[in-house]
Amino acid sequence: MAFRSNSVQHAISVLILAVALLSGCATAPPVQEMSDARQALQAAKEANAERQAPDTYRDAKRFMERAAQKLEQGEYEQARRAAVVAKERAVQARDEATANP
């Protein structure tokens with residue numbers, strides 16, 4: 001019986017450690033996503049998206065601002081999601097701008 005108790009305790013310890021490690025990953029700042037979004041916005045700007053696709057470009061900037069705000073507040077998952085959307089919108093704005101020279 002003591003063997004089972006130790007096995008259960010070990011399994012619980014491993015599970016707690018795994019959850020702690022996964023939680024740490026989920027709460028890491030979205031450095032890569034923020035960088036990707038900034039680069040996509042710069043590419044859209046260079047493609048003249050501000051004039052050729054103003055609504056989409058403005059939308060991308062709005063999401064980027066939200067991502068920066070959430071990052072500053074320590075709300076990393078929300079910052080990550082906003083940065084991903086900002087990148088998607090910026091790429092769309094760049095594509096629209098280059099399709100309509």
Side-chain angles (χ1 to χ4, degrees):
M1 203 61 137
F3 178 72
R4 283 189 188 199
S5 178
N6 286 340
S7 295
V8 170
Q9 287 176 342
H10 178 71
I12 290 172
S13 296
V14 170
L15 181 61
I16 290 171
L17 178 61
V19 169
L21 289 174
L22 289 174
S23 296
C25 293
T27 60
V31 175
Q32 187 64 53
E33 292 86 348
M34 295 294 286
S35 177
D36 292 347
R38 280 191 293 273
Q39 290 176 15
L41 272 165
Q42 183 61 37
K45 185 175 185 174
E46 290 172 5
N48 203 21
E50 289 175 290
R51 293 180 64 180
Q52 298 295 328
D55 293 337
T56 308
Y57 183 78
R58 206 170 19 253
D59 198 31
K61 285 190 70 156
R62 195 169 36 247
F63 274 100
M64 189 67 217
E65 290 165 3
R66 178 175 171 78
Q69 177 186 35
K70 292 299 178 182
L71 181 64
E72 189 175 302
Q73 294 171 347
E75 297 177 19
Y76 298 147
E77 190 54 39
Q78 290 179 356
R80 178 178 278 93
R81 285 191 297 253
V84 168
V85 174
K87 178 188 172 191
E88 291 169 356
R89 297 293 197 280
V91 169
Q92 182 182 355
R94 185 205 62 209
D95 291 348
E96 288 174 17
T98 56
N100 301 315

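Numbering starts at 1 and runs along the sequence shown.
Cluster annotation: Met34 is not connected to Val84 through the hydrophobic network of ILVMFWY side chains, with a link wherever side-chain heavy atoms come within less than 4.5 Å.
Scored by the side chain to side chain donor-acceptor pair (under 3.5 Å) test, Glu72 finds no partners at all (sequence neighbours excluded). With sequence neighbours excluded, no residue satisfies side chain to side chain donor-acceptor pair (under 3.5 Å) with Glu65.
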Passes side chain to side chain donor-acceptor pair (under 3.5 Å), Gln42 versus Glu46? Steps please. CA-CA 6 Å; Gln42 183 61 37; Glu46 290 172 5; 3.1 Å; yes
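When all heavy atoms are compared, the tightest approach of Ala49 to Ala93 is CB-O, 3.7 Å. Taking every heavy atom of both residues into account, Ala83 and Ala67 meet most closely at N-CB, 3.6 Å. Across Ala47 and Arg94, no two heavy atoms sit closer than the pair CB-CG, 3.8 Å. Residue Ala44 comes nearest to Ala90 through the heavy atom pair CB-O, 3.5 Å, listed as atom of the first residue, atom of the second, then distance. In this structure, Arg89 and Thr56 approach most closely via the heavy-atom pair O-CG2, 3.3 Å.
Connectivity analysis of hydrophobic side chains (ILVMFWY, heavy atoms under 4.5 Å, direct or indirect) links Val85 to Phe63.
Side-chain contact between Arg51 and Tyr57 is absent, with no heavy atoms from C-beta onward closer than 4.5 Å. Between Leu41 and Arg38 there is no side-chain heavy-atom pair separated by less than 4.5 Å. For the pair Glu96/Gln52, no side-chain contact is recorded, criterion being any heavy-atom separation below 4.5 Å from C-beta on. For the pair Glu33 and Lys87, the minimum side-chain heavy-atom distance is 4.5 Å or more.
In Lys70, the NZ atom is crowded: over 12 heavy atoms of neighbouring residues, nucleotides or ligands sit closer than 6.0 Å.
Here Arg80 contributes atom CZ and Thr27 contributes atom OG1; the two are 9.0 Å apart, rounded to the nearest 0.5 Å. Note that CG of Leu71 and CE of Met64 are 8.5 Å apart. Values are rounded to the nearest 0.5 Å.
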